[in-house]
Amino acid sequence: MTKRRYRGLFLAVLALLVVASAAQAADSVLSRWRQRQEFKDEENRLEVEATYYASEYIEALVRAEAEKNLWTQDEAEQYKYELLRSLRLDEYIPVLIRFNNFGPSMHLAPFDSMLTLWAGKKKLAPADYDKRFNFRLQGEREGLIFFPRYDDKGKPNLQGVKTAKLSMSSAVSSVTMRRASIDFVWDVGNDNPEALTAGRAAEKLELDRLIKRSAQLNEDKRRLEGELQAVTDELATISARIEELQGK
C-alpha cells in the first residue's frame, strides 16, 4: 500500500472518530436533560420521561437531528425556528413529559393539578399544558407543560436558581401510589437561554414577535383614537350648550 493510500485511510478513520466523538458528546448532553424513570409491580410497568429544554439541550438536539437527516444549514435553521416557536421560551419554562403505560388505564385530569416545578424554593404551577393528558391514557403519550418564566412583578423565576425540580403526584398510576412523588431534578445554574437569541432562527422569532406586537399596538391605537374622538365630540357638544346658555 502506498503512502498516499495510507494517508487517505488515516484521514478517513480520523473523520469517523471525530463524527463518533461528536455524536457521543451530543448524546451526553441530551441524556443530561432528558431523564427517564421506570416503575413496576408484579403485573404492570410504567415509564415516565421528562425533558428540560436548556439552551445546550436545544442546540444539541438540532445538531443531532441535522446529522441524522443530513439537513442543509437552512433546513437545520428552519427546524430550530419551529422548535423554538413551539417552546415559547420568551414567556414560559417548557418541560416535555412522556408516558409509556403498560398497565391499567391512567386517569390524569386535571393534569396540571398533579405537577409542580420547584425553581429553587419557589413553587410554580403550570400556566398551560397539553390537554390530551386529561384523557384516559394507555400506551404512549407525550406533551409540553409550560411553567411561568416570570413572576407577577416581571422578575425571572429562575434568576439565581441552581436547580429546578419537577414533582409529579404519585397518584398518576397505581404502580407509583406508594411513592411520595415522582421527581426529576436538573442543574440549571449554568443554563443560558440568551445563547439562543443568535442566528437566523432567533431572528425569525424576533420578527414574529415584532409583527404580533405591531398589530397589537395598531389595534390599541385605533381604540384610543376612537375614545379620543368620543371625548372630542362630547366636548364640542358641551361647549355648544355652554354658548347657548350664556347667550340667553
Side-chain angles (χ1 to χ4, degrees), residues 29-37 48-62 80-99 108-134 141-172 176 179-199 201-213 216-217:
V29 171
L30 295 176
S31 62
R32 185 160 59 249
W33 300 101
R34 182 193 293 153
Q35 300 179 12
R36 178 178 168 275
Q37 296 185 38
V48 185
E49 186 176 275
T51 302
Y52 183 94
Y53 283 92
S55 57
E56 71 164 353
Y57 175 85
I58 293 172
E59 296 290 1
L61 179 62
V62 172
K80 183 178 179 180
Y81 163 72
E82 296 292 347
L83 176 62
L84 291 175
R85 188 171 65 170
S86 68
L87 294 176
R88 300 149 71 185
L89 290 169
D90 56 327
E91 298 180 69
Y92 302 110
I93 304 166
V95 176
L96 181 71
I97 294 179
R98 184 184 70 85
F99 291 108
L108 306 176
F111 188 52
D112 57 337
S113 68
M114 296 185 169
L115 299 169
T116 298
L117 184 69
W118 291 93
K121 295 181 179 180
K122 189 179 294 185
K123 183 178 181 181
L124 305 178
D128 195 10
Y129 67 103
D130 191 328
K131 302 305 188 294
R132 292 178 300 167
F133 283 122
N134 288 334
R141 186 172 301 165
E142 70 175 21
L144 285 166
I145 315 298
F146 297 94
F147 295 91
R149 185 169 291 277
Y150 302 95
D151 63 17
D152 294 339
K153 297 181 180 179
K155 181 181 178 181
N157 284 319
L158 292 175
Q159 184 173 317
V161 170
K162 294 183 178 179
T163 60
K165 180 176 76 172
L166 176 70
S167 288
M168 185 183 303
S169 170
S170 61
V172 295
T176 59
R179 301 176 61 90
S181 61
I182 303 170
D183 297 328
F184 298 89
V185 181
W186 299 278
D187 181 1
V188 300
N190 295 321
D191 186 27
N192 181 25
E194 285 73 24
L196 298 169
T197 59
E203 289 174 356
K204 289 178 68 176
L205 278 177
E206 183 181 7
L207 179 60
D208 288 348
R209 287 194 295 270
L210 291 174
I211 291 173
K212 183 178 179 181
R213 181 58 177 160
Q216 181 181 352
L217 289 173

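Under the 4.5 Å side-chain criterion, counting only non-hydrogen atoms from C-beta, Tyr57 is in contact with Leu30. The shortest side-chain heavy-atom distance between Phe184 and Gln37 falls under the 4.5 Å cut-off. Under the 4.5 Å side-chain criterion, counting only non-hydrogen atoms from C-beta, Leu117 is not in contact with Ile145. The side-chain heavy atoms of Ile97 and Met168, taken from C-beta on, include a pair separated by under 4.5 Å. In this structure, Val48 and Val172 have side chains that are not in contact, with every pair of non-hydrogen atoms separated by 4.5 Å or more. No side-chain heavy atom of Arg88 sits less than 4.5 Å from a side-chain heavy atom of Leu144. Side-chain contact between Trp186 and Leu166 is present, with at least one heavy-atom pair separated by less than 4.5 Å.
Side-chain atoms of Arg141 come within 3.5 Å of backbone atoms of Arg132 as a donor-acceptor pair (strictly under, hydrogens ignored). Counting only distance, with no hydrogens or angles, the side chain of Glu49 and the backbone of Arg34 share no donor-acceptor pair below 3.5 Å.
For the side chain to side chain donor-acceptor pair (under 3.5 Å) with Ser55, the qualifying choice from Asn192, Asp191, Asn190 is Asp191, the only one to do so.
Taking CZ from Phe99 and CZ from Phe133, the interatomic distance works out to 6.0 Å, rounded to the nearest 0.5 Å. Taking OG of Ser170 as the start and CE of Met114 as the end, the distance is 9.0 Å to the nearest 0.5 Å. From Ile58, atom CD1 reaches atom CD of Glu56 across 10.5 Å, with rounding to the nearest 0.5 Å. Going from atom CG of Leu96 over to atom CD of Glu142 covers 5.0 Å, rounded to the nearest 0.5 Å. Between Leu124 atom CG and Phe146 atom CZ the span is 15.0 Å, to the nearest 0.5 Å. The NZ atom of Lys80 sits 11.0 Å away from atom CG of Leu61, with the distance rounded to the nearest 0.5 Å.
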When the side chains of residues 147-160 are checked against the rest of the protein, which donor-acceptor pairs come out under 3.5 Å, sequence neighbours left out?
unit_1: Arg149; atom_1: NE; unit_2: Leu89; atom_2: O; d: 2.7
unit_1: Arg149; atom_1: NE; unit_2: Tyr92; atom_2: O; d: 3.0
unit_1: Arg149; atom_1: NH2; unit_2: Tyr92; atom_2: O; d: 2.9
unit_1: Asp151; atom_1: OD1; unit_2: Lys153; atom_2: N; d: 2.9
unit_1: Asp151; atom_1: OD1; unit_2: Gly154; atom_2: N; d: 3.0
unit_1: Asp151; atom_1: OD1; unit_2: Lys155; atom_2: N; d: 2.8
unit_1: Asn157; atom_1: OD1; unit_2: Lys122; atom_2: NZ; d: 3.2
unit_1: Asn157; atom_1: ND2; unit_2: Pro148; atom_2: O; d: 2.8
unit_1: Asn157; atom_1: ND2; unit_2: Tyr150; atom_2: O; d: 3.4

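Of all heavy-atom pairs spanning Asn134 and Pro110, the tightest one is OD1-CA, 3.6 Å. Ser167 and Asp183 get closest at one heavy-atom pair: OG-OD1, 2.8 Å.
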Could you go through the side-chain contact (heavy atoms from CB on, under 4.5 Å) check for Ile93 and Tyr52 one step at a time?
CA-CA 8 Å; Ile93 304 166; Tyr52 183 94; 3.7 Å; yes

